[in-house]
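Structure first, commentary second.
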Protein chains: 2
Amino acid sequence: MTVDDAGAKSSLQRGLAILRLLADGNETGARLTDIARALNLTPPTVHRILKTLVEEGMVEADKGSKRYRLGIDLFAMAARAGNPNNLRDICRPIMLRLSATLRDTIFLMVRSGFDAVCLDRSEGPFPIRSFTGDIGGRVTLGIGQGSLAILAFLPEEEREEVIRFNLPRMQGVGILDEVYLRTEIARVRDVGYASRSTGLLPGMSGVAVPVLDRQGHAVAALSVGTINERLNEERLPVVVDILRREAAGVCRQLNPFDPVLRRPAAILGSGAA
Amino acid sequence: MTVDDAGAKSSLQRGLAILRLLADGNETGARLTDIARALNLTPPTVHRILKTLVEEGMVEADKGSKRYRLGIDLFAMAARAGNPNNLRDICRPIMLRLSATLRDTIFLMVRSGFDAVCLDRSEGPFPIRSFTGDIGGRVTLGIGQGSLAILAFLPEEEREEVIRFNLPRMQGVGILDEVYLRTEIARVRDVGYASRSTGLLPGMSGVAVPVLDRQGHAVAALSVGTINERLNEERLPVVVDILRREAAGVCRQLNPFDPVLRRPAAILGSGAA
DNA sequence: TCATCTATTCCGCATATCGGAAACTTTCTC
DNA sequence: GAGAAAGTTTCCGATATGCGGAATAGATGA
């Protein structure tokens, strides 16, 4: 990801570029010169911007002022970004219930550009792997069940745009070609859920249902990640059924507008069973 | 929180100020004029900055371009900020184990300036309330068990600074006066854990142990939040003991430096029991 | 329909930002 | 441990960059 060449102008853009750079490789941290090199900036410039970012609490300088990494402040601030339309709050109890009932790990995914992002995750007792990884993790939209469920139920125009953009990105991740992808999407739209389309992660399986808005377009996906044995022909329909029911509940809470009054009701208390 | 008056100069600072403003009230979103008013900026300025932020994916403009809110991109980026020294990754399995064993909710707290921030949280079956709230939530350092455990084990100099700064902030939240706070801190240092210092949240109790570095200073705290009945004199020592053991494990994984080689070993796989 | 409030574009001025050069510090090498 | 190399930080003048007043376009409501 080269942010350097052409466009990087304003100090805001440069600052954000630095933040993004720090976000990759945040475990290790980055040194001033590395940042300068990576972004085609001069050390003084990077230094000044970093200074500002540190003052603002977005970046922390390691002792001895050697390495820079993202600050906890940024984390705390941005944590609130992961709750669009109260989606996360609404889904939290549902996810807890799901992981307790199903004894599997539940994911809440939303779209972000050409990716899907994991908004929340509720662990089950079985250790699993997933594309998404942890909360905040990203996957190419279309890879993985939750991701695919969202893609399949995007408005047609957007769906086409995403497919066009993402096909090249999917090479070598199990998506063979466009025909295959479109077949998958059609099937997901048909049956209303996405189920272990491919055995991309050995031994792992998953199911996902979309959370739809009034127009029938995906705003999110609820998905289950588990091991192959726990998603056999017998159990799959049961899981799908439960997921569907909960997704419908989310949908209802997401559109809490009285058609007449257009008043966004505060309904978080009315626990849906 | 007025960021306006004196210092706001650079576009970077203004941009970050806008992000922070959007972070509050992110459920509802903010309009351009509101932002301008709140930050003492002119509408054109805010518009231009917002445009940049939207282009950079940090902010999303609601349909009809009426309201702005933080973008999922920011969330995804900042999620990595919540893993300093791999602390979160290291603690994840431990927290899962703890919440499964104790059947209570476990919190992972770290310091951020004069606050403590909730880095992670693993839910138990009992619904609880806490100061920290969700992941990313903040509390004044010293209020709540996890928070207090960190404060108590800060280097003396920093501790004093925090106490001085935070005492006024604690008015009306159960901290009566400085003497009381210092007594509490001394006791926590003495026994090595913080336990429901005050019944601030009716019906709720908690215990926390610090995660210490080599110098014996707190880098984090593991805490349990539960209801009063579940933390009686009988159970408390048991819980403390388990917490201590796990905290020690975290500590060991946090300092994975071979004293001679100074090589940061990648040890995440070596599951500590 | 008109009035009011809000969002967006334009543009000249002033300022905040840039980066070269150099001092200073840390880290590496022998 | 001394010298070299790389990295970090300060300084400062030129200029590009972002600022905000004013005017336009769009939305909202009476």
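Side chains included, hydrogens not; waters and symmetry mates left out as well; all remaining heavy atoms used.
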Please produce a list of atom pairs where a protein N or O lies less than 3.5 Å from an N or O of nucleotides 27-29 of chain C.
unit_1  : atom_1 : unit_2 : atom_2 : d
dT27(C) : OP1    : K66(A) : NZ     : 2.7

Spacing of [X] atom [atom1] relative to [N] atom [atom2], expressed in whole Å:
X: R67(A); N: dG7(D); atom1: CZ; atom2: P; result: 11 Å
X: I49(A); N: dG18(D); atom1: CD1; atom2: P; result: 11 Å
X: H47(A); N: dT25(C); atom1: NE2; atom2: P; result: 13 Å
X: L39(A); N: dC18(C); atom1: CG; atom2: C1'; result: 15 Å
X: N40(B); N: dG20(D); atom1: CG; atom2: P; result: 10 Å
X: K51(B); N: dT17(D); atom1: NZ; atom2: P; result: 15 Å
X: Q13(B); N: dC19(D); atom1: CD; atom2: C1'; result: 15 Å
X: R48(B); N: dT9(C); atom1: CZ; atom2: C1'; result: 12 Å

5′-ward residue of the pair L32(A)/L12(A) relative to DNA chain D
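Looking at the nearest nucleotide for each, L32(A) comes out on the 5' side.
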
OP1 or OP2 of [N] less than 4.0 angstrom from a side-chain nitrogen or oxygen of [X], does that happen here?
X: R14(A); N: dC18(C); result: yes
X: R31(A); N: dG7(D); result: yes
X: S10(A); N: dG18(D); result: yes
X: S11(A); N: dT17(D); result: no

Please identify which of these residues, L50(B), I49(B), T42(B), meets the side-chain contact (heavy atoms from CB on, under 4.5 Å) condition with V46(B).
L50(B)

Any side-chain donor-acceptor pair under 3.5 Å between D73(B) and S112(A)?
yes

With no hydrogens and no angle check, just 3.5 Å: does a side-chain donor-acceptor pair link S11(B) and S11(A)?
yes

Main-chain N/O of H217(A) paired to D213(A) side chain as donor or acceptor, under 3.5 Å:
yes

Please tell me which of P44(B) and R37(B) maps to the more 5' nucleotide of DNA chain C, matching each residue to the nucleotide holding its nearest heavy atom.
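This one resolves to R37(B).
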
Do we get R169(A) above F114(A)'s six-membered ring, with its NZ or CZ under 6.0 Å from the centre and within 45° of the axis?
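Geometry flag: not set, cation outside 6.0 Å or 45°.
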
So if I take every side-chain heavy atom of T45(B) and compare against dT17(D), dG19(C), dC19(D), which nucleotide ends up nearest?
dC19(D)

Closest approach to the side chain of T42(B), judged atom by atom: which nucleotide of dT17(D), dG21(D), dC18(C) is it?
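Side chain of T42(B) sits closest to dG21(D).
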
Results of side-chain hydrogen bond (donor to acceptor under 3.5 Å, both in side chains) for E158(B) - residues two or more places apart only
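E158(B) satisfies side-chain hydrogen bond (donor to acceptor under 3.5 Å, both in side chains) with R111(B) once adjacent residues are dropped.
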
Restricting to side chain to side chain contact (heavy atoms under 4.5 Å, CB included), what partner residues turn up for N83(B), sequence neighbours left out?
E27(A), N86(B), R88(B), D89(B)

